[in-house]
Amino acid sequence: MGARLIVAHLDLDAFFAAVEELEEPELRTKPLIVGGDPHGRGVVATANYQARTFGIHSAMSCAEALRRCPHAVFVRPRHAVYREYSQHVWETVRGVVPTVERTGLDEGYLDVGEVAEDFLGARKVAEAVQTAVRAATSLTCALGVSTSKVVAKIASDHRKPGGLTVVPAGTEARFLAPFAVRRLPGVGPKAEQRLVAAGVETVGALAGLGDGELKRLLPGSVGRVLRDRARGIDPRPLELSTERISISVENTFERDLTDRAQLHAELRGMARQVAEHLQKTGRTARTVSTKVRYTDFSIRSRSTSLRVGIDDGEQIGDLACGLLDRALADRPGALRLVGVGVSGLASHQQLALV
Ligand SMILES: [Mg+2]
């Protein structure tokens, strides 16, 4: 994450339907439903905004959608096409905000703190993301920006389609308070039922529950987590999958290695390769990771993030060796593989955005 915690949630508007409209422009003026067979047991995957005016929404049966809007156009999902558009979208997003956690084809979290100093800057970055996505793909998206995932997610849904909602630090609880309690991520149907039955209908009411009543309504640790979220407190970091490790090199050894000097030499060699690749593509990396695989095939990885991006092989090598030492201090043992990866990539021209 960036130096300041500023997270955006991005959600493409009616994604599957929007892609079908781009591929077939005359669909744009019609209620359009992407989903299964309306004469069978099909379910609505996505409805365009025209169709939504008839009360049609995702997860509704297509038969019901047909009843509500007999002249709607039904098309079957074409996931390969959506994947292509999605890939183009996320490449475009990464051109503005390099560190991203994709949670679906059409949504994900952005580490805006990496490129913006404050919420004013964050708004500009979010607008730049919307403009770039629209220019590259003709698709529109809504964004929510705040200090945590939970608030950003609710904020992105606040002004759809195409909206931008910024909830600056200190205003999270006030923003969340009026929403129905089921809108809070983590509140499932069962929890909702218990809360509403006890008169806790809004996020604000949940935020104000005392310990005793919270325990009675939502036993175990889940109650505390949800009440924290209702107060805008959500420590979940961005999940940075291997997808985010944009450049990595690894090596499986002929025989398992324990010699520290040899392991360090291996890592430094890989760090030089990674650095070369960064330099060639005119990029810097803010995060360096070391991955190790033990003889029982279990994997550990350790990473460290810097305030400033680097592209120097020796620096990356030093960090990678330090991370290896940490991993081996946590769990000693012979290794069959080590790897070095860098992420949080930025191209030199993007640094001007800061
Ligand atoms: Mg969406």
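Start at 1 and go down the list; that is how both ligands and their atoms are numbered. Positions are given from 1, in the same order as the sequence printed here.
Atom OD1 is the N, O or S atom of D11 at the shortest distance from the Mg ion (ligand 1). Nearest N/O/S atom of D106 with respect to the Mg ion (ligand 1) is recorded as OD2.
Of the possible donor and acceptor atoms, one in the side chain of S58 sits under 3.5 Å from a partner among the backbone N and O of A45.
Between the Mg ion (ligand 1) and D13 there is no N/O/S contact shorter than 2.8 Å. Put simply, L12 gets within reach of the Mg ion (ligand 1), with an N, O or S atom under 2.8 Å from it.
For F54 and H71, the ring centers are positioned less than 6.0 Å apart.
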Table please: side-chain donor-acceptor pairs of residues 176-203 below 3.5 Å, with sequence neighbours left out.
unit_1 : atom_1 : unit_2 : atom_2 : d
R183   : NH2    : D157   : OD2    : 3.4
R194   : NE     : L217   : O      : 3.0
T202   : OG1    : A205   : N      : 3.1

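Within 6.0 Å of the CD atom in E314, the count of heavy atoms belonging to other residues, nucleotides or ligands does not exceed 12.
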